[in-house]
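Report on the following structure.
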Amino acid sequence: MNDVQRRIVDVLLALGEGEVTTYGDVAEVAGYPKRARFVGHVLAHSGELAVDVPWWRVVNSAGRLVPGHEAEQAQLLRAEGVSVAAGHVRNAPVGRFSRPPATPRRQP
DNA sequence: TATATGACGTTGC
DNA sequence: AGCAACGCCATAT
């Protein structure tokens, strides 16, 4: 595993219950702002890793759930207190987890 | 080496 | 809200 994957996994493992973040935020917090796609790639193959990665706490910038795992992800998120409806989260669409608002994003 | 492909993001319409 | 076009970047072939 290279350094980038390591940083990304570390950020993912820092997520707690009820905390939802996005691929872009994970990449940015990990220190690689342009690697949102790679975050998805790491999660897609997280089963090959020796660690249990909370993939269900990651959605895209639109708050959309993971394609192909929407039902399972919705159930897991709801079990943690996150409101999910019509395949997208309601509470924390672009929620960062524990980061000062250095770069403000769009407000609903 | 070159091309295609994504669990993505932003912008413009 | 939804869609299309473009940019990005590691992997796969």
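Numbered from 1 within each chain, the chains take letters A, B, ... in sequence-line order. The model shown is predicted, which means the values in this text are computed figures rather than measured ones.
Ranked by how close their nearest DNA chain C nucleotide is to the 5' end, A:His88 and A:Arg35 are led by A:His88.
Salt-bridge formation is detected for the pair A:Asp10/A:Arg6: a Lys NZ or Arg NE/NH1/NH2 atom is positioned less than 4.0 Å from an Asp or Glu carboxylate oxygen.
We find the CD-NE2 distance between A:Glu70 and A:His88 to be 11.0 Å, quoted to the nearest 0.5 Å. Here CG of A:Leu15 is found 6.0 Å from OG1 of A:Thr21. Values are rounded to the nearest 0.5 Å. Atom OH in A:Tyr23 sits 13.0 Å away from atom NE2 in A:His41 (nearest 0.5 Å). Interatomic distance, A:Arg7 CZ to A:Asn2 CG, rounded to the nearest 0.5 Å: 11.5 Å.
Distance CG (A:Asp25) to C1' (B:dT10): 14 Å, rounded to an integer number of Å. The CG-P distance, from A:Leu12 to B:dA7, rounds to 16 Å in whole Å. Taking atom CH2 of residue A:Trp55 and atom C1' of nucleotide B:dC8, one finds them 17 Å apart after rounding to whole Å. The OH atom of A:Tyr23 sits 18 Å away from the P atom of C:dA10 (whole-angstrom rounding). Atom CG in A:Leu43 sits about 14 Å away from atom C1' in C:dA10, given to the nearest Å.
By the 4.5 Å heavy-atom criterion applied to side chains, A:Ile8 and A:Gln5 are not counted as neighbours. Residues A:Val58 and A:Asp25 fail the side-chain proximity criterion, which asks for heavy atoms closer than 4.5 Å.
Residue A:Ser61 has its side chain nearest to B:dG9 when only B:dA7, C:dC9, B:dG9 are considered.
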Using the 3.5 Å cut-off, write out each protein N or O paired with an N or O of nucleotides 11-13 of chain C and the distance between them.
residue: C:dT11; atom: OP1; partner: A:Gln5; partner atom: NE2; Å: 3.0

Would you list the protein and nucleotides 4-7 of chain C atom pairs, both N or O, that sit under 3.5 Å from each other?
none

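Proximity of the aromatic rings of A:Trp56 and A:His69 is defined here by a centroid distance below 6.0 angstrom, and this criterion is not met.
In the region residues 64-78 of chain A, proximity to DNA chain B at under 4.0 angstrom, judged on heavy atoms, holds for A:Val66, A:Pro67.
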Which pairs would a plain distance check flag for residues 42-54 of chain A, meaning a side-chain donor or acceptor within less than 3.5 Å of a matching protein atom at least two apart in sequence or in another chain?
residue: A:His45; atom: ND1; partner: A:Glu48; partner atom: OE2; Å: 3.4
residue: A:Ser46; atom: OG; partner: A:Leu43; partner atom: O; Å: 2.8

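Sorted by first and then second residue, the salt bridge (Lys or Arg N to Asp or Glu O under 4.0 Å) pairs with a member in residues 55-65 of chain A read A:Arg57-A:Glu80; sequence neighbours excluded.
Every residue two or more places apart in sequence or in another chain was checked for a side chain to side chain donor-acceptor pair (under 3.5 Å) with A:Glu17, and none qualifies.
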